[in-house]
Structure formats: structure tokens, C-alpha cells
Amino acid sequence: MTTPTARSPHVYRPLQPDRMRMWMPYDGGSNRPWLHDTLGVRIQPIYDKPSRRWLIARNHFTVLVDALLERFGQVDVSVEFSLTQKCDTRCRNAEGPDCDCSCMGEHHGGGLWGGWFQVGETTLIRPDVQLRHMRITA
């Protein structure tokens, strides 16, 4: 996770099921009431003192980013995306040139290696995560 600038709030949304992590400048104790006013009185934000970040349910992502943008004029957003690849044991164990699975022949006839896991009778997956960072300004 990148470190935000001195006045720029930062929202980090990891893959499920984790909560988002949000940092914003300290405002004399008004941040918790602001979160409740913005996201609803029923939310249960957790302030993680060691990291100095708020932990907030993922379903508030869009509303939170929009509200931070309105309040501070810009917000840094980091989002994790799943890039899980799928392949097939018929590709992995292939001996001829014919392949039409989603690995596009990259692992054709090569056996099981490089983080691939077999799930089910013939399906292989290789989990991967990519982080995308954006600075959104008003």
C-alpha cells in the first residue's frame, strides 16, 4: 500500500473478504462522526491504531471515495484485482500441438508447475493479484 501525501486521503481495497483500509488527515476527533454521517449510523468502522487507518466494509467503497473527494479535493485509491488464470490438465498433459484453453498454449504439455493448482477433475488455476493505484481529483 502506498503512503498518502500529507493531506490526501487514501483508500485501499484488497481482495475479498478483507475490509477496506482508509487513511485521512486527523481532524480533531471529527473523523468518526463524519464517517457515520457519510456512510450511515449503522456502519461499524474500526480504527486500527498501529496502522493509523480505518477499517471499513467493502460495500461502502464508491460512497466513501466520492465523499472523500468532495471533502478533500483529491483521494488516492488502490484496488486489488484478481487475475486468476485457468488452464486444463488436457493442456498440461498434451503431447500434440492442439491447444485452445485460456493459457493460450503457454503451459501446453508442460506439467504442473509455477503456482498452478488442480481444482476438480481437469481444471487448473493459478491465482494472481494485481494492485492498481489511481489519484482521483475533483
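Note that the structure is a prediction, hence the values are computed from the model and not measured.
The CZ atom of R53 sits 9.0 Å away from atom CG of D48, with the distance rounded to the nearest 0.5 Å. With values rounded to the nearest 0.5 angstrom, M24 atom CE is found 12.5 Å from S8 atom OG. Within the model, atoms CD1 of I56 and CD1 of I46 stand 10.0 Å from one another, a figure rounded to the nearest 0.5 Å. To the nearest 0.5 angstrom, H10 atom NE2 is 12.0 Å from M20 atom CE. Expressed to the nearest 0.5 Å, how far CZ of R19 lies from CZ of R58 amounts to 12.0 Å.
If you chain together hydrophobic residues whose side chains sit under 4.5 Å apart, V79 and V65 fall into the same group. In the hydrophobic cluster analysis, where Ile, Leu, Val, Met, Phe, Trp and Tyr join through side-chain heavy atoms closer than 4.5 angstrom, F61 is grouped together with I136. M22 and L55 fall into different hydrophobic clusters, where Ile, Leu, Val, Met, Phe, Trp and Tyr are joined by side-chain heavy atoms under 4.5 Å apart, directly or via other members.
The closest donor-acceptor contact from the side chain of E80 to the backbone of L15 lies under 3.5 Å. Proximity of a side-chain donor or acceptor of N31 to a complementary backbone N or O of P25 within less than 3.5 Å is detected.
For the pair V77/H133, no side-chain contact is recorded, criterion being any heavy-atom separation below 4.5 Å from C-beta on.
Between G29 and P33, the closest heavy-atom pair is O-CD, 3.5 Å. In plain terms, the two heavy atoms of Y26 and G28 that are nearest each other are CE2-N, 3.3 Å.
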Extract all donor-acceptor atom pairs below 3.5 Å that involve side chains of residues 35-44 and protein atoms in other chains or at least two apart in sequence.
| residue | atom | partner | partner atom | Å |
| --- | --- | --- | --- | --- |
| H36 | ND1 | V41 | O | 3.4 |
| T38 | OG1 | W34 | O | 2.8 |

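R71 pairs by the salt bridge (Lys or Arg N to Asp or Glu O under 4.0 Å) definition with D27, not counting sequence neighbours. For Y47, the ring pair (Phe, Tyr, Trp, His ring centres under 6.0 Å) partners are W54, not counting sequence neighbours.
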Run the side-chain contact (heavy atoms from CB on, under 4.5 Å) check on D76 and W23 step by step: do they pass? CA-CA 10 Å; D76 288 314; W23 178 90; over 6 Å; no
